[in-house]
Each structure stands twice: as C-alpha cells, then as structure tokens.
Amino acid sequence: MAVIEIKQVAKTFGSFTALHSVDLTIADQEFMVLLGASGCGKTTLLRIIAGLETPTTGEVWIGGRRVDHLPPRERGIAMVFQNYAVFPHLTVFENIAFGLRMKKMDQAEVTRRVNRTAELMHIEQLLKRYSGELSGGQRQRVAVARALAMEPDVILMDEPLSNLDALLRLEMRAELKGVLAESKTTTIYVTHDQVEAMSLADRISVMNGGRIVQAANPVEVYRNPAARFVGSFIGNPPMNFLKAEPAGAGKWQVAGQVFDGPAAAAAEFAIRPEDLHPAEAGLPAEVRVVEPLGPHTLITASVAGQPFRAVLESNLLPAPGDMLRLAPVPDRIRWFDPATQSAL
Amino acid sequence: MPRLLPYLLLLPATAFLCLFFLYPFVQVAHDSVMRNGVYTLENFSRMAGHWKFSTAFWNTMILAAVVVPIQLAMALTMASIVTKLQRGRSTILYIFAIPLGISDLAAGLIWLSVFEQSGFLNSLLVGLGIVDRPILLLGYQNTWIIFIAIVLAEVWRATAIMMVILVAGMGLIPKEYGEAADVFGASRWQKFRRVTLPMLKPSLQTALILRVILAFEVFAVVVALGGTQLPVLMSETYHWQFAMQERGVAAAFAMVILGVSVAFTILILRLLHVPKGARV
C-alpha cells in the first residue's frame, strides 16, 4: 500500500530551475507515467522520489510517511535505471539477489524470490551468466527482475526501454505492463516516448519546463489537452492550430469558416489531424505533400498560410497543389487561449 | 606497405627496449650463473650461505608486508575522499601527490632529519621535557625504530602513486552502479565492499603490482635511515657489487629480487582476476 504524494517540490541547480513547485498525488497501485521532452524535469522528479537527488524545497511522502530526508534504502522503493546498472561483477542470480542480500534475507528465501522473478521475466536460463554475456534486452530483464525481487511498494523506472531496438521495445512494453499489473506495486515511469506513455499508463503527467502541465488518463490527455503544449506534444502528427478571429456571440472565424466557440477575448482553433474529413464545405487546404502510409494517407497542407495536417482514408490520394475542403468533426474541435496557452 | 606500417612504427620502441632493457637483463642473468668463466650456481650458494642473506630477505618481505597494506588502506581512503569531492578536487589531489615528486633518497634524508639525534623529533621531546637529552633513535640497539622510520618514510613517499591510480579507476566506474546500490539498500560500507571494490579490481591490480615491485626494490630510504643496520635485498646487491666487488653474487641477488617480483605479480593477477564477461 503506497500512495505517493509530492508536495510543492522544487529543484534548482545553480541559477537553473529544473522543477517549479510540483504537486502530484499518485494512487496506490497506479501506473503513473511522467512524459516530456528532454530537460523538462521528469528525471529530476523521479530521482527526487528515489532519494538520489534532494529537493530544494517541498516534501515527498510515500505510504503516509515523509521520506524526503531519508536515504534511498529507507524509502521502500526499487528502481530500474536507463542504462540498467546491472552489476558487471555479479552473476545474474546475484544481481537479482542484491537487494535481498543487503536486507540479510535467508538463503532459502533469496533463492525462492530470485527463481520466481527470473521465471516471471523469462531469464531463468541466464542465472549463472555475467552481464557482459547478455544482450541489451536480457540486461533489461535482469534490471526489472532485480526490482521485482524486492517486492517493493514502489517501482521507479527511468526510461527503461529507451536503449532497446524498436521491435524489442514493443515486446518488452507489453510484457512490463502485464508483469507490473500483477505485482500490484505503485509504478512511476519516466519516458519521452508518447506511445509508450499512452500504452502503459493509468495516468500520464505531461511535463514541460519543470511543471506538470496535465495529469490525466491517456485518452483524456489525448482528447482534451489542458494546454496547447500537450496538444502539440502528444499525437503523431500532433494537433493542428489555426488563428481564429472573433465573429461575435461565441462565433469564431477560422480560415474563412465560422465555428461555434467559447466566449472569450481571443482564442486559437485546434483540431487533431484524424478528426478531419473531405467535405463540400470546410477549411480550404492547399495540398503540399502526400504520404500514403498504408492504413491511411497523411496530407501536409497549407490552410490560410499556416501549416496543417490531416489523416485521411488511404483510398484518397490527392496530388500536391490540389485544393481540398476539410471539415472538422464538430465535437472534436478544441480552443486555446493564445495568452495563457491553456484550454478554453 | 600499410600492413607493415604498424610494425615499422613499433620498431624504435622495440629497439630501445632491446638495447636498454633486454640486453642488460640478459647480461645480469648471465652474470649470476657465471663464475671464473664457467657456468655454475656458486654465486647463488655464496649468496644464500652468507649470514646476512636471510636477514635481508626477511627484512625486505616484512617491510613490504607492512608497508603495502597500510598504503593500500590509505590510498583507498584518500581516493574515496577525492572522488566524492565536489570542488577543490584537483587541488587536494596535487597536495596528496606532492611526495611523488621527491626522489626516494631525498625522502629518506627528510625523515632522517626528523629521527636523527639532532633532529626534529629529539628537539620536540627535549623541548616538551619528555627526555633530558637527545637520544639515539636510529642506533643498532633499536632496529625497530629504524623499521618504523622506514615504514613512515615509505608510506609518506609512495602512497600517492597508488592513490592516483585508484582515483582514475574510481572515475571509470559509472555513477549508476553506486546509485543502484543505494536504491537496493546498501549502506555506505556495503556499497564500498560489494560494488566499488570489486569493480576497482583492474586498478587495484595495477596499483598493487606497481607498489609491491617497488617495495621489493626498497633501497635509498633504507640506506639513508638505517645505513647497514637493516639490510634489505637491494642494499645487499649494492654491497656485493661495489664493496665486495663480487659482480656474480650481486647478479644473483638481482635475480632473487626479480623472482620474488614475478611471483607476487602472478599472485596478484590471479587473486584479482576478473572473469571474462564480468568486466565493466
């Protein structure tokens, strides 16, 4: 049972502020993904929770206990490192057993736990090997097994799949999800890969510039971005944004078309590329690039002089230079405040 | 031509080694088994038969056995401290390394000025009223004081070389391993014992081999502090070569030093062997 509470945690390195007063509560057994581009503070936040970094201000609570003054070993956590940090001088068995040995657990229990987690990660045939004799994927499995063997309340993962090749990453992703759901631990997972975040998370915390911009479930983050940044960061291709001119009474004119919108002083129109379809009336788009991708066709176009993308049925193959009318799905249109960048 | 180039480039160094290392070595080895123009082991039996041989041999061994572990412990401690420093690291490293720049004879003389009858230690003892008049510390009655003085001088002089090697070695251990140890519950001592030390093995090998070989060759410090009171293998070699004009016996001593050095090098390599696949 471990709820993690982060209360007004800030971290500065010299004159650089890595985290601006972050508040976040992670529920027991929740899979929380911290998502953001490099330098957004996600790894710093994870390391503060782990105890490898001390917050400049703020508090960290794990399972109702304040831990920010405790060394990592007293926090009831286990961690999977980006470069695995599988000890080269120990066999796979001893690597998995490392944390248990530090706790002076008796040999029978160590053997039982190592065998069980090794089996879970499908590395039971590698127990006698050294890490130098393992592939990247196998090392990754050892690192996860070492964390699971601790049967910790909290598992922290720092970009654990980023060093694997694409195919292996896909396979490990699915496996991790299954294993972690079964282990019933609270998981915090740092990644810059939005697909990884969407597929694994119960909740995603999107981070930017040392702040958490939105913390919500993956579909919510995707459908209803709380800020312009979230829409432009998540989704491949990301959200389209167009300037909107007020047309009175909650109406907005976008590229010559009039849409119902919020009552505000200024607004920016946003739509996801897949929420568009060709129609008689719609946004006038001049096709620039056509990329047939198999399941669909990706169109890069220009709408009122602004770059604009649409994902269309793959039987539609316009030529560059064609004019298309693209109609947005009405309930998928989002509006952002150009000044504060947050959703309206 | 490109295939020959590497060998060509190695040629000057190889020639240098052959001329100034291999040739004298063969010469000494040859001298040690040659007496009056015939091949014989008489040099070795003369050496072993001399009453000072066993004293010199054991003095050398005991000196190494005392000095090297002290240096190892100190070098490990100093290296750990230096590695942890956030700033001022290179300044501290330079200060620690100053004795390295002093020749061993000069180091011996420095410590002689501490321990001799008119030296600092005696002045201090007299000044504090602990003794009435200066005492002869380095006399033949007190070889144990000579021994301690030599240990001090050696530790002072040559610990830094081990430290420098260990600092470099610790720098090569990725930080993540230490962090993993922290997260998985290791105390500071456990982290040192179970992670740092095993991963430091290659550097420990280098540092120990270097130091042990130099410890078997200890000479100037011993002569400066003890004269002939505390014979060691190297001082006996010198004695037989120059005082006794017995080139063959001196060569035999040199071969013994070589043999001991090789034996210990192999032992250290074996003990600190890192299995293939277990390397960083």
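Treat the numbers as computed from the prediction; the structure is a model and nothing was measured. Order of the sequence lines fixes the chain letters, A, B, ..., with proteins taken first and strands second; residue numbering starts at 1 for each chain.
Between chain B and the options A/Arg146, A/Gln82, A/Arg75, the largest number of non-hydrogen pairs under 4.5 Å is found for A/Arg146. By number of non-hydrogen pairs under 4.5 angstrom with chain B, the leading residue of A/Met79, A/Met102, A/Arg101 is A/Met102.
Within a 6.0 Å radius of CZ in A/Arg66, other residues, nucleotides and ligands contribute more than 12 heavy atoms. B/Phe192 CZ: more than 12 foreign heavy atoms inside a 6.0 Å radius. In A/Phe13, the CZ atom is crowded: over 12 heavy atoms of neighbouring residues, nucleotides or ligands sit closer than 6.0 Å. Summarising the local packing, CD of A/Gln107 is surrounded by more than 12 heavy atoms from other residues, nucleotides or ligands at distances under 6.0 Å.
Contact between B/Ala180 and A/Phe87 at its shortest, heavy atoms only, is CB-CZ, 4.0 Å.
The side-chain heavy atoms of A/Arg73 and B/Phe184, taken from C-beta on, include no pair separated by under 4.5 Å. Annotation: side chain of A/Phe98 is in contact with side chain of B/Arg194 (closest heavy-atom distance under 4.5 Å). Using a 4.5 Å heavy-atom cutoff, the side chains of A/Arg47 and B/Glu179 are in contact.
No side-chain donor-acceptor contact under 3.5 Å links A/His89 to the backbone of B/Leu197.
Of the atoms belonging to A/Val86, it is backbone heavy atoms, and not side-chain ones, that fall under 4.5 Å from chain B.
To the nearest 0.5 Å, atoms NZ (B/Lys175) and CG (A/Asn83) are separated by 12.0 Å.
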